[in-house]
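Chain identifiers are assigned alphabetically (A, B, ...) following the order of the sequence lines, protein sequences preceding nucleic acid strands; residue numbering begins at 1 within each chain. Predicted model only: the values in this text are computed from it and were never measured.
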Amino acid sequence: MLSFLKNEVAAAAQTLFGQTIDANAIQLNPTPPEFKGDCTIVVFPFTKFSKLGPEPTATAIGNQLMLQVPTLAEFNVVKGFLNLTLTDHFWLNQFQTKFNQEKVNNISPNNKRVMVEYSSPNTNKPLHLGHVRNNLLGHAIAEILQAAGNHVIKANLINDRGIHICKSMIAWQKFGNGETPSTAHLKGDHLVGKYYVLFDQAYKKEIAQLMSEGKSEDEAKAQAPIILEAQNMLRDWEDGNEAVLSLWKTMNEWVYAGFNETYAKMGVSFDKMYYESQTYLLGKDIIKEGLDAGVFFQKPDNSVWIDLTADGLDQKLVQRSDGTSVYITQDIGTAQKKYDDFNIDQSIYVVGNEQDYHFKVLQLICKKLNKPYAEGIYHMSYGMVELPTGKMKSREGTVVDADDLMKEMIESAKTITESAGKDQGFSEQEKSELYNDIGLGALKFFLLKIDPKKKMLFNPEESIDFHGFTGPFVQYTHARIQSILRKATEENSHATINLSETHSLNNEEKELVMALLQLNNKIKEAADNLSPAIIANYAYQVAKSFNTFYAEHSVLKAENTQKEFRLALATYTAKVLKYTLHLIGIHAPNKM
RNA sequence: GGUCCCGUAGCUCAGUUGGAUAGAGCGACAGCCUUCUAAGCUGUAGGCCUUUGGUUCGAAUCCAAACGGGAUCACCA
């Protein structure tokens, strides 16, 4: 929005010093609050050809700009910094242009097709806090990429096969007494998860028993009857045993019903579901292709490998000696399938950073196979959520359950809202929606305000805040504005910007206008960095600017054009807040 | 041990890709509700940006090393 100044500075340098410079190379920064000015040109690089010290150089350019740029109000020079102040008319004009557009986001679509894969759960246990971060990140990244003009396909790859689901099945057969989600009054994913834990307990007991009979730990682990049963079942599953398949389908259906409930509560959705049971064989054709091409090699026991030592990695197994596929085999196949299905330019995997190595290998393999989609593979590697006690482990019960956490957050929202007496005049239905919006708003903002690449700490002892740099803070600011706008409608006041009447902006108004005008840049920045945190921080900044303005100046008690302008400012702020919250999956209530 | 990530206020985190006196929130302390919603606003205290060297007009930011923390290196997924 201010980048035109770079061209003006380049022109000024041409006029003053006869030097042609690249306008894009000019450093244009926001002026720090302790100095006067809207933006700052760093003139140190100019001293080379100006043959002057930093200050005279800056002054010379400043004087030249005053001649060239009618919207420039004044300038000042501190050392090598040229601080420029634009006229209020300029800012009002910029704001008016935005205000008159129907949508706050006017980024035009590009032709890029991007798939974002996220969630990708196992079907043997319910979702925990780690999955919540994954799902919210994936959903927000998809929204942001779409807002930045991409065509986005949201995908979920469900890991529905393997030894882990067999463990739950065996335990259910042994201990379940035919229990179902409806007889147990338990969500399906929690029921299946319960049997996964029961399996592990029984397994540990058997291991202890065998060890007391003199077996080594490794022997005991390999020979425990219950693990042998599970392995048998996996073989039966792969052989297509009807009874096993039938139970597998039933239990997976329970889990999907549970997941769908959790997804709906979280507010995430998918355009395409992939199931590993349907894709795990796909990679094998590509393995054969790679063997023929000499990209892979076979060991005497028939296992297939790729040698990545020249790339600084290790030798990596891509197919077992018995011909069955491993994790990477399946991913090679799925990568191909995604490309075939949707002709995507980019394939983003939202997966934890513990799998950095895996995705490096995956991309390298696809490159060596000369796959057209190899360059488009991108691992969006996010940091783990850790508890004060360390990493979460499902089997050891040190997890924060997703459903429990959301429920607690909604209950906290209820308590806080009630004690503040802010739910008066709401119907029961509206109350319940409000508590949902606020509780989940707090949770989502808490998880998304942090740079996704960094690991984050969650302390269950300390409740997630509803004050300060939080979701409810931004929601509250939005609701507050809606309240003003309702009153304005009642008194038949209108929001307009009248440029013919010159009136000046005060500091708070100007700061808010400048913040609001940054929206499109922030969306692009967030999309480039795949970082919802940039949006969350921006939403907070806008809300904070508004609240500062709100505390100093009245909207409804202002007069004439100033009142109309402030109403426009409030209207547009509310739009931006609602939209940015939407990008990170948070609903903005009109009253709270 | 190899590879990769991280280290900023008591705590949780920003820091515009190399610019001015390093910023928020929480917690602590002091103020502000006859005036548009106090889930708010204003102020005070709190810092060897882990350390050392290098690059230059200029470094929390780039490079190197050390120290500290984490991840990963399965015929698991």
Return the nearest nucleotide to the side chain of [X]; candidates are [options].
X: A:Ile416; options: B:A39, B:A71, B:A20; result: B:A39
X: A:Ala479; options: B:A14, B:U37, B:A20; result: B:U37
X: A:Asn159; options: B:A20, B:A77, B:A39; result: B:A77
X: A:Asp314; options: B:C73, B:A20, B:A39; result: B:C73
X: A:Pro32; options: B:A20, B:G25, B:G19; result: B:A20
X: A:Tyr476; options: B:G25, B:C36, B:A39; result: B:A39
X: A:Asn529; options: B:C36, B:A14, B:U17; result: B:U17
X: A:Pro30; options: B:G19, B:U16, B:C76; result: B:U16
X: A:Val42; options: B:G19, B:U3, B:G25; result: B:G19
X: A:Ser554; options: B:G25, B:C36, B:A20; result: B:C36

How many whole angstroms separate atom [atom1] of [X] from atom [atom2] of [N]?
X: A:Leu485; N: B:U37; atom1: CG; atom2: P; value: 11 Å
X: A:Gln363; N: B:U3; atom1: CD; atom2: C1'; value: 17 Å
X: A:Asn353; N: B:C5; atom1: CG; atom2: P; value: 11 Å
X: A:Ile464; N: B:G25; atom1: CD1; atom2: P; value: 19 Å
X: A:Phe81; N: B:C57; atom1: CZ; atom2: C1'; value: 10 Å
X: A:Leu157; N: B:A77; atom1: CG; atom2: P; value: 13 Å
X: A:Ile534; N: B:G15; atom1: CD1; atom2: P; value: 7 Å
X: A:Ile523; N: B:U16; atom1: CD1; atom2: P; value: 20 Å

Can you tell me how far [atom1] in [N] sits from the matching atom in [M], rounded to whole Å?
N: B:C26; M: B:G19; atom1: C1'; answer: 31 Å
N: B:A39; M: B:C49; atom1: P; answer: 38 Å
N: B:G15; M: B:G23; atom1: C1'; answer: 7 Å
N: B:G2; M: B:G47; atom1: C1'; answer: 37 Å
N: B:G70; M: B:U52; atom1: P; answer: 24 Å
N: B:C41; M: B:C5; atom1: C1'; answer: 40 Å

So, under a plain 3.5 Å distance rule, would you say the side chain of [X] forms a donor-acceptor pair with the base of [N]?
X: A:Lys591; N: B:U37; result: no
X: A:Asn547; N: B:A38; result: no
X: A:Thr31; N: B:A20; result: no

OP1 or OP2 of [N] under 4.0 Å from side-chain N/O of [X]:
X: A:Lys316; N: B:C73; value: no
X: A:Lys454; N: B:A14; value: yes
X: A:Tyr550; N: B:A38; value: yes
X: A:His467; N: B:G40; value: yes
X: A:Lys487; N: B:U37; value: yes
X: A:Arg161; N: B:C76; value: no
X: A:Lys455; N: B:G69; value: no
X: A:Tyr357; N: B:U72; value: no
X: A:Arg486; N: B:C36; value: no
X: A:Thr548; N: B:U42; value: yes
X: A:Arg566; N: B:C36; value: no

Complementary nucleotide of B:C67, counting Watson-Crick and G-U pairs under 3.5 Å: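 Partner of B:C67: B:G7.
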message: Could you tell me the Watson-Crick or G-U partner of B:C32, where both distances fall under 3.5 Å? Say none if there is no partner.
response: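 Its partner is B:G40 (Watson-Crick or G-U wobble, both distances under 3.5 Å).
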Over all strands shown, is [X] touching base, sugar-phosphate only, or nothing at heavy-atom distances under 4.0 angstrom?
X: A:Ile481; answer: nothing
X: A:Asn302; answer: nothing
X: A:Met456; answer: sugar-phosphate
X: A:Asp451; answer: sugar-phosphate

- request: Identify whether the glycosidic angle of B:U42 places it syn (within 90° of 0) or anti.
  value: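 Anti, since the glycosidic angle lies more than 90° from 0.
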Syn or anti for B:C33 (syn when the glycosidic angle lies within 90° of 0):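 With its glycosidic angle within 90° of zero, B:C33 counts as syn.
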field: Whether A:Phe35 stacks on the six-membered ring of B:A20 base, 5.5 Å and 30° limits
entry: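 It does: the ring sits over the base of B:A20.
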message: Would you say the ring centers of A:Phe35 and A:Phe81 fall short of 6.0 Å from each other?
response: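 Centroid separation for A:Phe35 and A:Phe81: 6.0 Å or greater.
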- request: Would you check if the distance from the ring center of A:His358 to the ring center of A:Tyr327 is below 6.0 Å?
  value: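 Distance test on ring centres: under 6.0 Å, yes.
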- request: Take A:Ala543 and A:Ile450, find for each the nucleotide of RNA chain B with the closest heavy atom, and name the residue whose nucleotide sits nearer the 5' end.
  value: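 The residue closer to the strand's 5' end, by nearest nucleotide, is A:Ile450.
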message: Can you work out whether A:Ser303 or A:Phe549 has the more 5'-proximal nearest nucleotide on RNA chain B?
response: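 Per heavy-atom nearest nucleotide, the more 5' residue is A:Phe549.
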Tell me whether [X] contacts the main-chain N or O of [Y] through its side chain, where contact means a donor paired with an acceptor under 3.5 Å.
X: A:Gln355; Y: A:Gly352; value: no
X: A:Tyr118; Y: A:Tyr349; value: no
X: A:Thr415; Y: A:Glu411; value: yes

- prompt: Which heavy-atom pair separates A:Tyr538 from A:Ala515 by the least distance, and what is that distance?
  reply: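 Residues A:Tyr538 and A:Ala515, closest heavy atoms: OH-O, 2.7 Å.
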field: CD (A:Glu491) with more than 12 external heavy atoms under 6.0 Å
entry: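 Atom CD in A:Glu491 is packed in, count exceeds 12.
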query: Under the 6.0 Å and 45° cation-pi test, does A:Lys299 pair with A:Trp305?
result: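 Flagged: A:Lys299 positioned over aromatic ring of A:Trp305.
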- prompt: Does a side chain donor of either A:Asp356 or A:Ser381 reach within less than 3.5 Å of an acceptor in the other side chain?
  reply: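 Yes, because at least one side-chain N or O of A:Asp356 sits under 3.5 Å from a partner of the opposite role on A:Ser381.
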task: Give the C-alpha distance, both sets of side-chain angles, the deciding distance and a yes or no for side chain to side chain donor-acceptor pair (under 3.5 Å) between A:Thr57 and A:Ser50.
output: CA-CA 7 Å; A:Thr57 306; A:Ser50 73; 2.9 Å; yes
